[in-house]
Amino acid sequence: MPELPEVETIKLGLEKLLIGKIIIKVIVSDNSLKSFPNNQFDVNKFMLNARIVALRRRAKILIIELSTAYSLVIHLKMTGQLVFVDGKYRFGAGHPNDSLVNRLPDNSTRISIKFKDEGVLYFNDQRKFGWIKLLPTTILNDKDFFRHHGPEPLQKNFTSYVFKNRLLKHKNTMLKAALLNQSIIAGIGNIYADESLWLAKLHPKSVISNLNDKDFVRLHRAILEVLNLSLRAGGSTDKNYVDAYGNKGNYLKFANVFRREGQLCPQCGEPIIKIRVASRGTHICLNCQILK
DNA sequence: CACTTGACCTGTCCGC
DNA sequence: TGCGGACAGGTCAAGT
């Protein structure tokens, strides 16, 4: 389930792979895909012969900017993948036969974008929750477009003071629900919510109005630490996630609680349990994480 | 308005 | 072996 570190990792990969490439063909293999193409006219006029000029990310949304002043705006939701396969090394040395890149397209492929030098970008999405839109780039630069998204946690102006003040606008909300709310802070999903709360020693059902200044500082620091560690590990692969090269992420090797119910808390040795918070599976150490 | 819950999907796993 | 049902979670509409 791509969250900030996963989408950022994909962005960095696509940046190296796609900048300067020219689109020569677009194949839509899933007619139930509602948001793409907007219509065939748009695809022909604004995608064919377009050059990739920039890759951007805002929250969990990826933007592929084209030379036509249009952009592909992509949300991968839970099972979306964006994988580039280069025709030149697809069957080359160093690529095991069972590698994902050798199996594409597969039955989850929704869109294939072919480039002038024979490379193909595949948009796969097993559960069909993801979407791609083709929109004028000027719309994306309008602040209004992302008005429902909170600040980027890894930007310098996202201080613990800013974080605290945004949280305090939702006094009666459970902490985990607030972390998952993209309008309070952008980019956190189920994995990094659980990991940050464990690191900050806060119970996910804690009510925001009960937190003190030290709690906000600790939680802010924990979020930055967890996201940065995941970025260094190339994100988390629970089931579906792969980066732009088709490689899995390594963060879950370092995870302390996520998907570790029944195992022992690295801090205190008590067993980690799984509960439901905000309609989501939630992994906690009852001993370490204080309910406030 | 503040906050919570259910629907959207499909592959996988578990119990019978 | 197969079948039904629960489960996985990002987002938003609908509900309290």
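Here the structure is a predicted model, which is why all the values come from computation and not from measurement.
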**Study point:** Ring centres under 6.0 angstrom apart (A/F158, A/F163)
**Key:** yes
For the pair made of [atom1] in [X] and [atom2] in [N], what is the distance, rounded to whole Å?
X	N	atom1	atom2	value
A/F129	B/dA7	CZ	P	12 Å
A/D238	B/dG11	CG	P	17 Å
A/L76	B/dC9	CG	P	18 Å
A/N240	B/dC9	CG	P	17 Å
A/H148	B/dC1	NE2	C1'	15 Å

Nearest-nucleotide check on DNA chain B, A/R127 vs A/K169; residue mapping nearer the 5' end is A/K169
Residue pair A/M78/A/H170 against DNA chain B: nearer the 5' end by closest nucleotide is A/H170
Test side chain to side chain contact (heavy atoms under 4.5 Å, CB included), reference A/I64, set A/I52, A/I23, A/V73, A/I19, output is A/I52
Check: Between C/dG9 and B/dC13, how far is it from one P atom to the other, in whole Å?
Finding: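 Approximately 15 Å lies between the P atom of C/dG9 and that of B/dC13.
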Worksheet entry | Distance, P atom - from C/dC7 to B/dT5, rounded to whole angstrom | 15 Å
Between [X] and [Y], does at least one N-O distance fall below 4.0 Å, as a salt bridge requires?
X	Y	value
A/D125	A/K77	no
A/K60	A/E6	no
A/K248	A/D243	no

- Task: Measure from the side-chain N and O atoms of A/D117 to the backbone N and O of A/G119, and report whether any donor-acceptor pair falls under 3.5 Å.
- Result: yes
Start and end of the DNA chain C segment that chain A contacts, any atom under 4.0 Å from a heavy atom |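 In short, chain A contacts DNA chain C from C/dA8 to C/dT11.
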Of B/dT5, B/dT10, B/dT4, the nucleotide closest to the side chain of A/S279 is B/dT5
Practice prompt. Name the orientation class of the two ring planes belonging to A/F254 and A/Y251 (parallel below 30°, tilted from 30 to 60°, perpendicular beyond 60°).
Written response: tilted
Tell me what A/K171 touches on the nucleic acid: a base, only sugar-phosphate, or nothing, going by heavy atoms under 4.0 Å. sugar-phosphate
Please determine if A/R58 forms a cation-pi arrangement with A/F146, meaning its NZ or CZ atom is less than 6.0 Å from the six-membered ring centre and no more than 45° off the ring axis.
->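 A/R58 over A/F146 ring: yes.
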To the nearest 0.5 Å, tell me how far A/D42 CG sits from A/L134 CG.
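If I round to the nearest 0.5 Å, the distance is 5.5 Å.
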Taking Watson-Crick and G-U wobble contacts under 3.5 angstrom, with | marking pairs to another strand and [ ] crossing pairs, the secondary structure of DNA chain C is written .|||||||.|||||||
